[in-house]
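Following this message is one structure expressed as structure tokens.
Just so we're on the same page: letters track the sequence lines, and every chain starts at 1.
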There are 2 protein chains.
Amino acid sequence: MPDQADEEALSPATLVDDLAAKIRDLIMAGEIPIGGQLRQADLAATFGVSRTPVREAIRQLQSGGLIAVHPNRGAVVRVPAPWEVREAYEVRAELEALAARRAVSRITREQLDELEVSNREMYEHSAAQSAGEQAPTHRRANDAFHTLITEISGNARLGRTIEDLNGAFPRNVSSQLIVTDSRHRDENFAEHERIVAALRAGDADAAAEEMRVHVIKAGDALARWYEQRSSTVFSG
Amino acid sequence: MPDQADEEALSPATLVDDLAAKIRDLIMAGEIPIGGQLRQADLAATFGVSRTPVREAIRQLQSGGLIAVHPNRGAVVRVPAPWEVREAYEVRAELEALAARRAVSRITREQLDELEVSNREMYEHSAAQSAGEQAPTHRRANDAFHTLITEISGNARLGRTIEDLNGAFPRNVSSQLIVTDSRHRDENFAEHERIVAALRAGDADAAAEEMRVHVIKAGDALARWYEQRSSTVFSG
DNA sequence: CATGTACTCTTTGGATCCAATAGTTCGAAG
DNA sequence: CTTCGAACTATTGGATCCAAAGAGTACATG
């Protein structure tokens, strides 16, 4: 609800914003690969508009840090260095820890159950489709878990900041990680459960700390992935 | 240094970025007042360019949340609600606390002295020009204090996130606050000194906590200012 | 055969043009 | 006198046009 109100006040959905969102989704879904070029003419043709709004959408995306614009060379999907990922996730960990801490005193029984159910569903879902290509579904479910907690925290700016942080990297890879690697999947599930337990116990410090280590671990995994793949991304 | 590298990778300075920076400065300096309209034609004429790059710059600024774009009605400098300020400063407090905590183990003697000197200079400077209109100078000095600590923290993303947070509100008012109100000025000075003391003592927890309360207090003051003025801003 | 230079071609960047939209003002009718 | 409506105007939004810049290639020359 605060998100909606915020969006309302910031920018009632217009065409450029829609374009920016669509392009972002394309990148997040991996349809435009890391390091891939964003040609204005192509995008314009794809969405059936002229280049002008596309350019504005690109400028909008540029601020987020998801893409890099080289003068006269066009925009590319940024390939984050592993240390950048670690840095961002350290910040995100701090913020999500704050969200968890704030959520303790506000969360309801129903919301606690909702978290537990959604976590369980996510686990069973991804276990069933192990090595399947339905990663986006899983990502959505994983995001829902974290988003719900930040929403409960009642600080809209906090949610927005975390979103911006997440929006800085293509996240299809992070979901691939969990779906592919069964150990990661199990750990992820267990960590979520510990977070819910701390929230249920009303232990703010524990909830914050559990959340912090959980996010740091996720960041580490993602950073390692980039370390491995960073050299091969360019070749194909 | 990481900032420069970041900026390099993200977007080597181009004309649109310069425009965005200039417009941002205009807003931050208060030359375009809160709630003021940003007419594309005017800005274009002011900077001697066409409307096209101005539009892109506006889109870039829009992402930061400093301005709000109403479809077909143009962009205005957002008037933040007091609760938005409080929310943002709560997030900022958490992040600056993290920065202070990280800085403890990295800061050098010279940097500690530098912080102390710059704080003292800022105090004397603003005391001398009390009620004067040289607020921007003071703001710069105050920013330098915080910026130095976040730089020392060694996490570039952390610095960028804090900057984004600060960039969401016109800050000429916050500097006016300290210059005008002598009590605020004294408290600000004392808080900075306590932070430096904690850093010097190598007490990470204390440094983080001092920083947190300092930022929260600053946010409170800013929010109160907006509460008082919010009704009169529109009339002029 | 290698290397340097010039040319071409692709893509971005900025300016101008026209359409669409919302606010405002003026007028007419109740 | 008030209120509703319609036209006018100021401003944004999208498309098109042309210039500029960079990369790749081909050709010529040492």
Could you tabulate the donor-acceptor pairs under 3.5 Å formed by side-chain atoms of residues 27-41 of chain A, not counting sequence neighbours?
| residue | atom | partner | partner atom | Å |
| --- | --- | --- | --- | --- |
| A/Arg39 | NH1 | A/Asp42 | OD2 | 3.1 |
| A/Gln40 | OE1 | A/Arg51 | NE | 3.1 |
| A/Gln40 | OE1 | A/Arg51 | NH2 | 3.1 |

What pairs with B/Asn155 under side chain to side chain donor-acceptor pair (under 3.5 Å), at least two apart in sequence or on another chain?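 Partners of B/Asn155 under the side chain to side chain donor-acceptor pair (under 3.5 Å) test: none.
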Checking B/Lys217 now: which residues fulfil salt bridge (charged side-chain N to carboxylate O under 4.0 Å, His left out) with it, not counting sequence neighbours?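 Counting only residues at least two positions away or on another chain, B/Lys217 forms a salt bridge (charged side-chain N to carboxylate O under 4.0 Å, His left out) with B/Glu187, B/Glu191.
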For A/Phe47 and D/dA15, what is the distance between atoms CZ and C1' respectively, to the nearest whole Å?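 A/Phe47 atom CZ is separated from D/dA15 atom C1' by 18 Å.
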Detail all sub-3.5 Å separations between protein N/O atoms and N/O atoms belonging to nucleotides 12-14 of chain D.
| residue | atom | partner | partner atom | Å |
| --- | --- | --- | --- | --- |
| D/dT12 | OP1 | B/Gln40 | N | 3.3 |
| D/dG13 | OP2 | B/Gln40 | NE2 | 3.3 |
| D/dG13 | N7 | B/Arg51 | NH2 | 3.0 |
| D/dG14 | N7 | B/Arg55 | NH1 | 3.0 |
| D/dG14 | N7 | B/Arg55 | NH2 | 2.9 |
| D/dG14 | O6 | B/Arg55 | NH1 | 3.3 |

Review item, side-chain donor-acceptor pairs of residues 87-103 of chain B, under 3.5 Å, at least two apart:
| residue | atom | partner | partner atom | Å |
| --- | --- | --- | --- | --- |
| B/Glu87 | OE1 | A/Ala156 | N | 3.3 |
| B/Glu87 | OE1 | A/Arg157 | N | 3.3 |
| B/Glu87 | OE2 | A/Ala156 | N | 3.2 |
| B/Glu90 | OE1 | A/Arg102 | NH1 | 2.9 |
| B/Glu90 | OE2 | A/Arg102 | NH1 | 2.6 |
| B/Arg92 | NE | B/Glu96 | OE2 | 2.8 |
| B/Arg92 | NH1 | B/Asn166 | OD1 | 3.3 |
| B/Arg92 | NH2 | B/Glu96 | OE2 | 2.9 |
| B/Glu94 | OE1 | B/Arg212 | NH1 | 2.6 |
| B/Glu96 | OE1 | B/His146 | ND1 | 3.0 |
| B/Arg101 | NH2 | B/Asp205 | OD1 | 2.7 |
| B/Arg102 | NE | B/Ser153 | O | 3.0 |
| B/Arg102 | NH1 | A/Glu90 | OE1 | 2.9 |
| B/Arg102 | NH1 | A/Glu90 | OE2 | 2.7 |
| B/Arg102 | NH2 | B/Ser153 | O | 2.8 |

Counterpart residues, side-chain contact (heavy atoms from CB on, under 4.5 Å), relative to A/Ser50 (two or more places apart):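 Counting only residues at least two positions away or on another chain, A/Ser50 forms a side-chain contact (heavy atoms from CB on, under 4.5 Å) with A/Thr52, A/Pro53.
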